[in-house]
**Student:** 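For reference, the structure I am asking about is given below.
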Amino acid sequence: MKPDYLAQGEPARLFPVLATTSKEGRCTSIVLACLVHIDEFARELLHSLGARAGKRSRIEAFTEPVFREQAPSHDRPDGLIVLQSGKSEWRALVEAKVGNATLDADQVERYRALAKAHAIDCVITISNQFATRPESHPLPDIRKSRSRIPVFHWSWMYILTIADLQLANDAVEDRDQVMLLRELRRFLSHESTGVRGFDRMPPEWSEVNRLVSAGGKIPSRSEDAAAVLGAWHQESKDLSLILSPQTETRVTERLARKHMADPAQRMKDELAELCQSARLLSTFLIPDAAAPLDVVADLARRTVDVGMTLRAPEDRKSSRARMTWLLRQLKGEMPDDLQIRLNLPGRSEATQFACKDLAAEPGLTEQGKAGLQVASFHVFISRRLGGRFTQQVNFISDLETVVPEFYRAVGQSLSVWQKAAPKIKAERETADDVSVEALTEAAAADAGDAEQ
């Protein structure tokens, strides 16, 4: 039953009766219906927006809602979510796009105004565009708006990944709800649905690469560079959504706290880094992995570097012994372009060797660095893409190949060094050995030895 404040609006259906051309309406209805009927799925998605859905909460969802006092308009939101928890009610308008269709900032702003007029808490957009976090909208105009109505964003791939992870980790208790979630995953992963990952850089990618290749410096206020960085942020999110189902864990991007709180500041800082170094950087956190996964796209070298940095074992005295500890972890056939950078203490310059050369002769670690001990190792693939690097589609394709390749072949085999647990000394095995009298005697003996 629809609420009294709606003039029109159908409850979201698992099997919507819509024209075959209405992919958008069909996808929205099915996802919203699953939100209503799958408890854990709803809780996780809504929690990402800061909305708490408890076990006693009630969720309703409607498609194509029209409010009773709504002014005539051609705009009609695709959905409405209503979350009731006790006496409180949280509501959100939903606007969705499928396939190549992209969100329109003006339309979203009109839905913001509609939400404000009817005391709706927020607007949720869904599309094949990507956002680092739901509150970091992919449209710059939405992020810059001064409206007090928040706009959150889910990509279709994000929704699909949540479903896949919940199934992989047996997060849903009810058997019937598990069946529904499996069907949702099957539906969203079918090519006819129009759900896809980030698959190409923008046209500005070629222009920025052409400038760097010619020896030019990217201007600090370059609109082309801003477009490239925005696309890189979307691709970074897509990479985390690729790694998540591959590892059956929640892979996330590591962001500075100030950047999580202020996406505009992140854009400003990373744009400055891009203009200065001609590099794009992202770091991913994989649960229980030995280290964060670093990804660097170097426009000057036309390379993609993917690697992890490990602290060297401090219980090994020589650099050679520390290198042997690392090499023992690298099992099986390693990529030909696997490199190991040896970071030395203080201001000593790091050294770098091919992994295959170090495997043949670990003593290379001490070459020209006698007396110094390696502090950490950066293990990485440096993949030269050549002309493919500058191509919008091939760059993404190659990037999404090399990142999982490194983690599968190398990263998942690495372990963190841990200092050994302290051992009880042979001369102090019993409580009597550490009594006040025993310690007094030991101190007196030490003093006598010192006088001699």
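Just so it is clear, the model here is predicted, and its values are computed rather than measured.
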**Student:** Please check if the side chain of Ser277 supplies one atom and the backbone of Leu274 the other of a donor-acceptor pair under 3.5 Å.
**Tutor:** no
**Student:** State, yes or no, whether a side-chain contact exists between Val379 and Met308 at a heavy-atom distance under 4.5 Å.
**Tutor:**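 No - every pair of side-chain heavy atoms lies 4.5 Å or more apart.
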**Student:** Under 4.5 Å between any side-chain heavy atoms of Thr193 and Cys27, yes or no?
**Tutor:** yes
**Student:** I'd like to know if Lys258 and Asp269 make a salt bridge, using a cut-off of under 4.0 Å between side-chain N and carboxylate O.
**Tutor:** yes
**Student:** Just jot down the ring-ring contact (aromatic ring centres under 6.0 Å, His included) partners of His137, sequence neighbours excluded, or say none.
**Tutor:** His153
**Student:** May I ask you to test the Pro138-Phe130 pair for a side-chain heavy-atom distance under 4.5 Å?
**Tutor:** no
**Student:** Under 3.5 Å, is there a donor-acceptor pair linking the side chains of His233 and Thr132?
**Tutor:** no
**Student:** Who passes ring-ring contact (aromatic ring centres under 6.0 Å, His included) against Tyr407, sequence neighbours left out?
**Tutor:** none
**Student:** Test side chain to side chain donor-acceptor pair (under 3.5 Å) on Thr303 and Asp298; report intermediate values, then the result.
**Tutor:** CA-CA 5 Å; Thr303 59; Asp298 192 316; 4.8 Å; no
**Student:** Looking at Glu405 and Arg383, is there a salt bridge between them, counting it only when a charged N and a carboxylate O are closer than 4.0 Å?
**Tutor:** yes
**Student:** Side chain of Asp164, backbone of Leu160: donor and acceptor closer than 3.5 Å?
**Tutor:** no
**Student:** Once you round to the nearest 0.5 Å, how far does CG of Leu285 lie from OG1 of Thr252?
**Tutor:** 4.5 Å
**Student:** Check whether any side-chain N or O of Glu64 sits under 3.5 Å from a backbone N or O of Pro77 as a donor-acceptor pair, and report yes or no.
**Tutor:** no
**Student:** Donor-acceptor check, side chain of Trp156 to backbone of Gly99, threshold 3.5 angstrom: yes or no?
**Tutor:** no
**Student:** Provide the full list of ring pair (Phe, Tyr, Trp, His ring centres under 6.0 Å) pairs with a residue in residues 193-227, sequence neighbours left out, each pair given once.
**Tutor:** Trp205-Phe389, Trp205-Phe395
**Student:** Can you give me the closest heavy-atom contact between Arg254 and Pro292, atom names plus distance?
**Tutor:** NH1-CG, 3.5 Å
**Student:** CE/Met260 to CZ/Arg133 distance, rounded to the nearest 0.5 angstrom?
**Tutor:** 4.0 Å
**Student:** For Arg148 and Arg112: C-alpha separation, side-chain torsions, deciding distance, then whether side-chain contact (heavy atoms from CB on, under 4.5 Å) applies.
**Tutor:** CA-CA 9 Å; Arg148 294 185 179 182; Arg112 256 181 166 162; over 6 Å; no
**Student:** How would you list, by chain and number, every residue that makes a side-chain contact (heavy atoms from CB on, under 4.5 Å) with Val178, sequence neighbours excluded?
**Tutor:**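 With sequence neighbours excluded, Val178 shows a side-chain contact (heavy atoms from CB on, under 4.5 Å) to Leu167, Val172, Arg182, given in chain and number order.
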**Student:** Ignoring hydrogens, what is the shortest heavy-atom contact between Ser189 and Arg185? Give both atom names and the distance.
**Tutor:**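 For Ser189 versus Arg185, the nearest heavy atoms are OG-O, 2.7 Å.
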**Student:** Give a yes or no answer on whether the side chain of Ser85 reaches the backbone of Ser88 with a donor-acceptor pair at less than 3.5 Å.
**Tutor:** no
**Student:** List in chain and number order the residues that pass side-chain contact (heavy atoms from CB on, under 4.5 Å) with Asp262, two or more places apart in sequence or in another chain; answer none if no residue qualifies.
**Tutor:**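 Partners of Asp262 under the side-chain contact (heavy atoms from CB on, under 4.5 Å) test: Ala264, Gln265.
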**Student:** To the nearest 0.5 Å, what is the distance between CG on Leu83 and CG on Leu46?
**Tutor:** 6.0 Å
**Student:** Evaluate Ser397 against Arg388 for side chain to side chain donor-acceptor pair (under 3.5 Å), listing each step before the verdict.
**Tutor:** CA-CA 10 Å; Ser397 174; Arg388 291 176 64 86; 4.6 Å; no
**Student:** Please enumerate all residues that pass salt bridge (Lys or Arg N to Asp or Glu O under 4.0 Å) together with Arg13, with sequence neighbours excluded.
**Tutor:** Glu10
**Student:** Is there any salt bridge (charged side-chain N to carboxylate O under 4.0 Å, His left out) pair reaching into residues 311-336, and which pairs are they, with sequence neighbours excluded?
**Tutor:** Arg311-Glu314, Arg320-Glu361
**Student:** Under 3.5 Å, is there a donor-acceptor pair linking the side chains of Thr102 and Gln129?
**Tutor:** no
**Student:** Using atom types as modelled and distance alone, determine if a side-chain donor or acceptor of Asp75 lies under 3.5 Å from a backbone N or O of Val108.
**Tutor:**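 Not confirmed, Asp75 side chain does not pair with Val108 backbone.
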**Student:** Once rounded to the nearest 0.5 Å, what's the spacing between atom CG of Leu310 and atom CD1 of Ile340?
**Tutor:**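 The CD1 atom of Ile340 is 10.0 Å from CG of Leu310, to the nearest 0.5 Å.
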**Student:** So do Leu399 and Glu235 actually touch side chain to side chain, heavy atoms under 4.5 Å?
**Tutor:** yes
**Student:** Would you tell me whether Asp104 and Gln107 have side-chain atoms, one donor and one acceptor, within less than 3.5 Å of each other?
**Tutor:**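 No, no side-chain donor-acceptor pair sits under 3.5 Å.
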**Student:** Is it true that Arg91 and Asp121 make a salt bridge, defined as a side-chain N closer than 4.0 Å to a carboxylate O?
**Tutor:**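 Result for this pair is no, no salt bridge flagged.
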**Student:** List in chain and number order the residues that pass salt bridge (Lys or Arg N to Asp or Glu O under 4.0 Å) with Glu248, two or more places apart in sequence or in another chain; answer none if no residue qualifies.
**Tutor:**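 Result, salt bridge (Lys or Arg N to Asp or Glu O under 4.0 Å) vs Glu248: none returned.
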**Student:** Within the side chain of Thr125, is there an N or O that forms a donor-acceptor pair under 3.5 Å with the backbone of Glu95?
**Tutor:**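 The answer is no, because no donor-acceptor pair under 3.5 Å joins these two groups.
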**Student:** When you measure from the side chain of Lys23 to the backbone of Ser192, do you find a donor-acceptor pair of N or O atoms at a distance under 3.5 Å?
**Tutor:** yes
**Student:** What's the shortest heavy-atom distance between Arg196 and Met157, and which atoms?
**Tutor:** O-CG, 3.6 Å
**Student:** Do the side-chain N and O atoms of Ser382 and Asp337 include a donor-acceptor pair separated by under 3.5 angstrom?
**Tutor:**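 Judged by distance alone, the side chains do not pair up.
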**Student:** Does His37 have any ring-ring contact (aromatic ring centres under 6.0 Å, His included) partners at least two apart in sequence or in another chain, and if so, which?
**Tutor:**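 His37: no ring-ring contact (aromatic ring centres under 6.0 Å, His included) contacts found.
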**Student:** Check the side chains of Arg302 and Asn209 for a donor-acceptor pair under 3.5 angstrom, ignoring hydrogens and angles.
**Tutor:** no
**Student:** Would you say the side chain of Ser282 lies within less than 4.5 Å of the side chain of Leu239, judging by non-hydrogen atoms?
**Tutor:** no
**Student:** Return the set of residues passing side-chain contact (heavy atoms from CB on, under 4.5 Å) with Asp224 (not counting sequence neighbours), or none when no residue passes.
**Tutor:**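 Residues passing side-chain contact (heavy atoms from CB on, under 4.5 Å) with Asp224: Glu204, Glu207, Val208, Ser222.
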**Student:** Do Pro150 and Glu135 have side chains that get closer than 4.5 Å, going by heavy atoms?
**Tutor:**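 Not in contact.
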**Student:** Do Thr28 and Val98 have side chains that approach each other closer than 4.5 Å (heavy atoms only, starting at C-beta)?
**Tutor:** no
**Student:** Between the side chain of Arg76 and the main-chain N/O of Pro65, is any donor-acceptor distance below 3.5 Å?
**Tutor:** no
**Student:** What distance do Asp305 atom CG and Phe380 atom CZ have between them, rounded to the nearest 0.5 Å?
**Tutor:** 5.5 Å
**Student:** Would Val374 and Met323 count as a side-chain contact (heavy atoms from CB on, under 4.5 Å) here? Give the steps.
**Tutor:** CA-CA 8 Å; Val374 176; Met323 175 56 69; over 6 Å; no
**Student:** For His259, which residues count as a ring-ring contact (aromatic ring centres under 6.0 Å, His included) partner, sequence neighbours excluded?
**Tutor:** none
**Student:** If we only count heavy atoms from C-beta on, is the Thr283 to Glu253 side-chain gap below 4.5 Å?
**Tutor:**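 Side chain of Thr283 against side chain of Glu253, heavy atoms only: no contact under 4.5 Å found.
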**Student:** Could you check Ile142 against Glu109 for side-chain contact (heavy atoms from CB on, under 4.5 Å), going step by step and ending with a plain yes or no?
**Tutor:** CA-CA 8 Å; Ile142 298 301; Glu109 286 298 332; 3.6 Å; yes
**Student:** Could you go step by step and tell me if Arg341 and Gln352 meet the side chain to side chain donor-acceptor pair (under 3.5 Å) rule?
**Tutor:** CA-CA 4 Å; Arg341 182 177 301 128; Gln352 181 175 313; 3.1 Å; yes
**Student:** Judged by atom type as modelled, is there a donor-acceptor pair below 3.5 Å linking the side chain of Ser236 to the main-chain atoms of Trp232?
**Tutor:**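 Checking the backbone N and O of Trp232 against the side chain of Ser236, a donor-acceptor pair under 3.5 Å is found.
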**Student:** Once side-chain contact (heavy atoms from CB on, under 4.5 Å) is applied, do any residues pair with Val251, and if so which ones, sequence neighbours excluded?
**Tutor:** Ser240, Leu243, Ser244, Thr247, Thr249, Phe284, Ile286
